[in-house]
Amino acid sequence: MKRLLVYYRELSLLARLSVWIITFFFLAALFAPWLAPYPYESQDLPHRLAGFSRDHWMGYDELGRDILSRLLYGARISLLVSVTVVTGSALVGTFLGAISGYYRGWIDELLMRLVDVLMSVPGILLAISFVAFRGPGLGNLIVALLLIGWVSYARLVRGELLRVREFDFVHAVRAAGARDGRVLWRHILPNILDPLVVQTSLGMAGAVMAEASLSFLGLGIMPPMPSWGSMLNAARSHIFEAPHLIIFPGLAIMSLVMAFNFVGDALRQTTTKLSISGTIVWKQAT
Amino acid sequence: MSLYLLRRLGLAIVTLWGVVTFVFLLIHLIPGDPAESILGEGARPEEIAVLRKSLGLDLSLAHQYNRFWSNLARLELGASYRTGEPVVQSLRQSYPATLELTLSSMLLGILISFPLGALAARKVGDATDSVISSVSLLGISIPHFVLGPLLIIALAIQLPLLPVSGMETWAHLVLPTITLGTALAAVLVRMIRSSMINELSRPYILVAQAKGMSPRRVIYLHALKNALMPVVTILGLQFGGLLAGAIITETIFSWQGIGRLMIQSIQSRDYPVIQSCILGISVTYIMINLFTDLVYSLLDPRVRY
């Protein structure tokens, strides 16, 4: 927690704004049932495709449902999927990457060839094919995104481990008799946390985008559950008479993805800066 | 050199094998019995039995796998369930359309990103640099399915300059190319920028400046040439992004390419066509990356695995 505060203080104005945008979306998702002025599935057919008014700030969609309410519930789906996918990918990827980089040998060889193969094919294509055969829906969507998500974490963590495992302090702890699990968890992991945090933020942007893409293609969240991607898909057939159906969900996706990208990008710069100044402080101390 | 070549070829072969195996196994990912799922509810048991036999589902998995490979080797990809047309035929029609779209997008992406990336690197830390970097981050964050419809609203409906969708004339290529190309440019600008910054900090740049060469010549003659080397590989990798983006972009603009074919086939559960589209897209990507890596290793003999 203290570490997060250190990160935040170092961020640029744009990145701080992004942190607040992300917070805003999380709150909107969390409190959607209380914030939404209407139930997301209730239809008012006579008003279908109507523009915004005082009671409906973003207007009605193609079935006469309140767009603002659907966006709020859509934020729920979007963040639920991305947080699950990113947490799962980070856990699995870090675990496999750590084993690979720490123990080396045949397991490293095997895992890294698997990573190479998976990175040689466009990830979203794999996710699409998985869902195409397995069927759409929340569960299959999450599995499909996990299937491709862990790879970048495994590669990142393995690379970091190859660097950190040869440091003196690691040799020292091992010589002192610490078990492998303890060395990895207590001593190595804290030292590779910075790039992991950066990757997680960028990964959230990717996951939000991937969920929306698959739902847009009709392969993700199924109606009547609202997803920003499927809202955009439905809006396509009404592009002539009702552009607001595209603009509002489009803005929601864009601002959330952009916020995660800005934070990730700023964190990358900050963490490299912090680690450089950290080295200087450390050198002066010795 | 030859060891590098062998390893790189080996990876390509293993990847191809992996993709083919994955595509083969997809049929078995269908929940329940594939034959029943294909025929839908209300199919008679005899029909299901016939289809099972023709799909080879009554054979052992190893046997099916063998059969899959031998069909593939003879380019017998089966026939579409929907139209009865041989899949090879549909692929032959849609593949060039996808290549046309992706190549024109790549061209646009390169034309936008190279000058901007070099400019940002030259003015690093400057207002110009932060504007270019922020705009490129914005470009990365706009999904194709948001940018595409927005472009349609702006340039085809509000200002009726360009056709909304379809692929009859050259004008139809413009909006999908902008959708895919600007997104690629956004990614490339950042990579060219960092590659250039890296290159500009090298001693030979100092030498060139010290001997009185003009900054313009230093940047465009020396630095850019070397900075472009890693970009070759990146271009190959980004082709995957283009192919994946084409799946969505083609759907938006009714561009009759392999991506749209794939999505239409998914909607009608036309499994042989889906499988062939996945194979087509992945094999293209693998081959392009193999090619760029080989070209790169020829251009820069320092490259080693």
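Predicted model only: the values in this text are computed from it and were never measured. All chains are named by letter (A, B, ...) in the order of the sequence lines, taking the proteins before the strands, and each is independently numbered beginning at 1.
With values rounded to the nearest 0.5 angstrom, A/D116 atom CG is found 7.5 Å from B/T15 atom OG1. The OG atom of B/S141 lies 10.0 Å from the CG atom of A/L256; values are rounded to the nearest 0.5 Å. Atom CG of residue A/L217 and atom CD of residue B/Q267 lie 8.5 Å apart, to the nearest 0.5 angstrom. Expressed to the nearest 0.5 Å, how far CZ of A/F240 lies from CD1 of B/I152 amounts to 8.0 Å. A/L125 contributes atom CG, which lies 11.0 Å from atom OH of B/Y285 (distance to the nearest 0.5 angstrom). Note that CD1 of B/I140 and CE of A/M258 are 11.5 Å apart. Values are rounded to the nearest 0.5 Å.
With A/F133 as reference, B/Y271 is the one residue of B/Y271, B/F24, B/F22 to meet the ring-ring contact (aromatic ring centres under 6.0 Å, His included) rule. A/S129 pairs in a side chain to side chain contact (heavy atoms under 4.5 Å, CB included) with only one of the listed residues (B/I274, B/I278, B/I266, B/I281), which is B/I278.
The part of B/I157 that comes within reach of chain A is its side chain, from C-beta onward, which places non-hydrogen atoms under 4.5 angstrom from that chain. Using a 4.5 Å cut-off between heavy atoms, A/I239 touches chain B through backbone and side chain atoms alike. For a residue to count as touching a neighbouring chain, one of its non-hydrogen atoms must lie under 4.5 Å from one of that chain's; by this rule A/R134 touches chain B with backbone and side chain alike. Using a 4.5 Å cut-off between heavy atoms, A/F216 contacts chain B through its side chain alone, with no backbone atom that close. For A/L126, the parts lying near chain B are the backbone and the side chain together; criterion is any non-hydrogen pair under 4.5 Å. When heavy atoms are compared at a cutoff of 4.5 Å, B/I263 approaches chain A solely by way of its side chain, counted from C-beta outward. In this structure, no portion of A/L118 lies under 4.5 Å from any heavy atom of chain B. Using a 4.5 Å cut-off between heavy atoms, B/R269 does not touch chain A at all. Neither the backbone nor the side chain of A/N233 comes within contact range of chain B, judged by heavy atoms closer than 4.5 Å. Looking at B/L147, there are no atoms closer than 4.5 Å to chain A (heavy atoms on both sides), in backbone or side chain. Neither the backbone nor the side chain of A/F260 comes within contact range of chain B; no heavy atom of the residue lies under 4.5 Å from a heavy atom of that chain. With a 4.5 angstrom heavy-atom cutoff, B/L290 does not touch chain A via any of its atoms. The contact between A/A132 and chain B is made by backbone and side chain atoms together, counting heavy-atom distances below 4.5 Å. Interface residue B/S134: backbone and side-chain heavy atoms are both found under 4.5 Å from chain A.
A/I128 and B/M262 get closest at one heavy-atom pair: CG2-CE, 3.5 Å.
With chain A as the partner, the residue from B/L26, B/L29, B/I153 showing the most heavy-atom pairs under 4.5 Å is B/L26. When the candidates A/S213, A/G229, A/A235, A/P243 are compared by the number of heavy-atom contacts under 4.5 Å with chain B, A/S213 comes out ahead. Interface check for chain A: of the options B/P143, B/G18, B/G241, the most heavy-atom pairs under 4.5 Å are formed by B/P143. Among the candidates B/V14, B/L137, B/I30, the residue making the largest number of heavy-atom pairs closer than 4.5 Å to chain A is B/L137. Of the listed residues (A/I124, A/L232, A/D265), the greatest number of heavy-atom pairs within a distance under 4.5 Å of chain B belongs to A/D265. Of all the listed residues (A/S255, A/A212, A/A259, A/P249), the one sharing the greatest number of non-hydrogen pairs under 4.5 Å with chain B is A/A212. Contact tally against chain A (heavy-atom pairs below 4.5 Å) for B/L237, B/V283, B/I27, B/I286: the top residue is B/I27.
Within a 6.0 Å radius of CZ in A/R76, other residues, nucleotides and ligands contribute more than 12 heavy atoms.
Using a 4.5 Å heavy-atom cutoff, the side chains of B/L150 and A/I247 are in contact. Within the 4.5 Å cutoff, side-chain heavy atoms of A/M254 are placed close to those of B/V146.
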